[in-house]
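Inspection log for the structure reproduced underneath, given as structure tokens.
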Amino acid sequence: MQSGSVYHRVTAITEDYLGPASGRFIDRIVENHLSKHPTQLSASDMPKLITWVRFAVGVVTDDPKVIDEYTRRLSDISTKQKQTAAE
Amino acid sequence: MDHSSIWQKGGLFCWGVRCGIVGSQYGAAGVIAAPIFAESDFGRYIRSKHLVGKPSVNNGGRMNLKYTVMLLIRYKRLTIAFAIMALVYLLQSLLATPDPSILHKYQISATQLHLVGLAVAAPYIVIWGIAAAGYLWLHRYAQSLKGTSDGDAFAVISRGVFWLLIWMPVASVAGGLVNDLGREYPHSVELWTILLNYFNLLLLLPGFIYAYIGSRRLLGTLRKRLDIYSLWLTLAFIAFAVLYTFLTLSDDARQTPHGDMTSATYYLDDIWIVLTVIIPRLISWFLGVQAVRNILLFRRVVKGNIYKAALNDLAYGIGGVLVFVVILRCIQSFAAVLAGRSLGFLLLLVYVLLAMIAASFVYVARGARRLRRIEEL
């Protein structure tokens, strides 16, 4: 799975939770905490990204189900990537 | 180690406990790990975002008050302008020459009348302050989104809300001035009344126009085909417009004072009342109502359940400001008729509407704060 597509998938999933703020949110986390350009986001960055997303989103919502669902969907991206690589 | 305060570390500990409770994969480990978080990358991240304190969606009131004061200091020109208008309004209440007919009618002294004026002015000033703070939160949020499509839309809406905000104190001060001038120079009452009506119209019109344009731009960010115009809303407004025009032209005091009143409402021929007052008013009110509909439609259609929850307060707040200003102007345009029936009821109604406008601005501030928090993460 190419980096650009990982970023786009992450942003598409994030849009279901943060709407118009999704792109800006992911860009900030990738640039500030993963120290790379957002389009360089790869499947190997997902665990760290998910950790930061969990902490950040936990500040703006009290609903643990939403946080769990969001992070689970993000972790599915790296799972699918591993499956694709194995095939 | 950051020696900023025990409070910060305590706040971080609480935040860690909260993560332990909320973050299901951490469970009890979160409680034990909390002090470690304080000095970890995550702890420094949280401190850098000024998120220490009561880490929840509804943050501590003290932090909001502190931030509101910071906003008032940062935007000192607006704060100073409001302070000056509040002072002028207070002085008008205290120093205005009492109308002898009112003193006689209510059997009170000039000092008592001034105290009543002060009691009337004080809540107005508090409401203006709340509204100014609410606007500044919205403005700050719009500024934080500069360069983005939804940011541009919120910036235009914020400009509209600004005009509605300044209308409140400016119209009150101008109204007081016109009353004083009318008493000092009775032959010029007609001129001042006409000018005041147009002044109010011109002050509010940009507010509704900007709010409408901003709301259209907001809908434009959704990239969806949406029904911009509601047939039912348009029909309902046409019915209201007909009724409003009928009531306005039925007002016996529209051209000359009637009964106990010392001034007429418009001092204009009916054709000029319709063309230059009623039609522009109705157009601006329709734009305002349409803006409310667009903003609530955006709230309904936009993706992102966390974003929507944060947007709720802002959308209802802006909607409330627009709707209650329209209702207030509507009531004020019939003030002469209503005052003749029951002055006390009219004053109560105006106060209730002003309080609702202030409450709407509180919602604007709450919503803007929550949305800004998302942009700070």
Side-chain angles (χ1 to χ4, degrees), chain A residues 7-39 41 44-79, chain B residues 15-16 18-27 30 37 40-46 48-59 141 144-151 153-154 218 221-223 298-299 301-311 369-377:
Chain A
Y7 170 72
H8 288 125
R9 287 195 66 184
V10 165
T11 314
I13 291 169
T14 306
E15 200 178 350
D16 290 343
Y17 302 94
L18 296 179
S22 55
R24 301 187 286 264
F25 172 71
I26 295 299
D27 287 357
R28 274 196 306 274
I29 288 191
V30 173
E31 284 169 353
N32 295 336
H33 302 295
L34 275 59
S35 302
K36 47 169 62 172
H37 194 272
T39 50
L41 187 67
S44 59
D45 298 319
M46 291 308 295
K48 204 173 175 188
L49 177 77
I50 289 167
T51 308
W52 279 106
V53 162
R54 179 174 278 279
F55 276 102
V57 173
V59 175
V60 289
T61 180
D62 284 334
D63 190 346
K65 286 183 194 161
V66 168
I67 300 170
D68 287 345
E69 180 194 287
Y70 179 19
T71 50
R72 182 183 44 77
R73 289 176 70 188
L74 289 179
S75 63
D76 284 348
I77 294 175
S78 53
T79 308
Chain B
W15 176 78
R18 179 187 170 278
C19 281
I21 294 165
V22 170
S24 56
Q25 70 184 86
Y26 293 107
F37 285 161
S40 68
D41 284 340
F42 304 132
R44 279 191 284 275
Y45 165 78
I46 293 299
S48 73
K49 298 293 178 192
H50 303 291
L51 295 171
V52 177
K54 189 178 170 189
S56 73
V57 175
N58 297 313
N59 206 347
Y141 168 63
S144 71
L145 298 180
K146 212 169 179 179
T148 64
S149 53
D150 52 327
F154 276 116
L218 205 57
T221 65
L222 294 175
R223 298 191 299 267
F298 175 80
R299 187 199 67 84
V301 174
V302 75
K303 283 177 90 174
N305 45 16
I306 298 174
Y307 179 84
K308 260 196 211 196
L311 180 65
R369 177 179 60 81
R370 290 175 72 169
L371 285 168
R372 188 147 187 270
R373 176 149 282 192
I374 292 175
E375 302 300 329
E376 285 174 345
L377 297 171

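Below, chain A is the first sequence line, B the second, and so on; all start at residue 1. The shown structure was predicted, so the numbers you read here are calculated from the model rather than taken from an experiment.
Not counting sequence neighbours, the partners of Lys36(A) by the salt bridge (Lys or Arg N to Asp or Glu O under 4.0 Å) test are Asp45(A). Legend: residues meeting salt bridge (Lys or Arg N to Asp or Glu O under 4.0 Å) with Arg24(A), ordered by chain and number and at least two apart, are Asp150(B), Glu375(B).
Put simply, CG on Asp63(A) and CD1 on Ile306(B) are 8.5 Å apart, with the number rounded to the nearest 0.5 Å. For the atom pair CD1 of Ile374(B) and OH of Tyr17(A), the computed distance is 14.0 Å after rounding to the nearest 0.5 Å.
Residues Gly19(A) and Tyr307(B) approach most closely at N-CB, 4.1 Å, considering heavy atoms.
Residue contact with chain A, scored on non-hydrogen atoms closer than 4.5 Å, involves the side chain of Leu145(B) exclusively.
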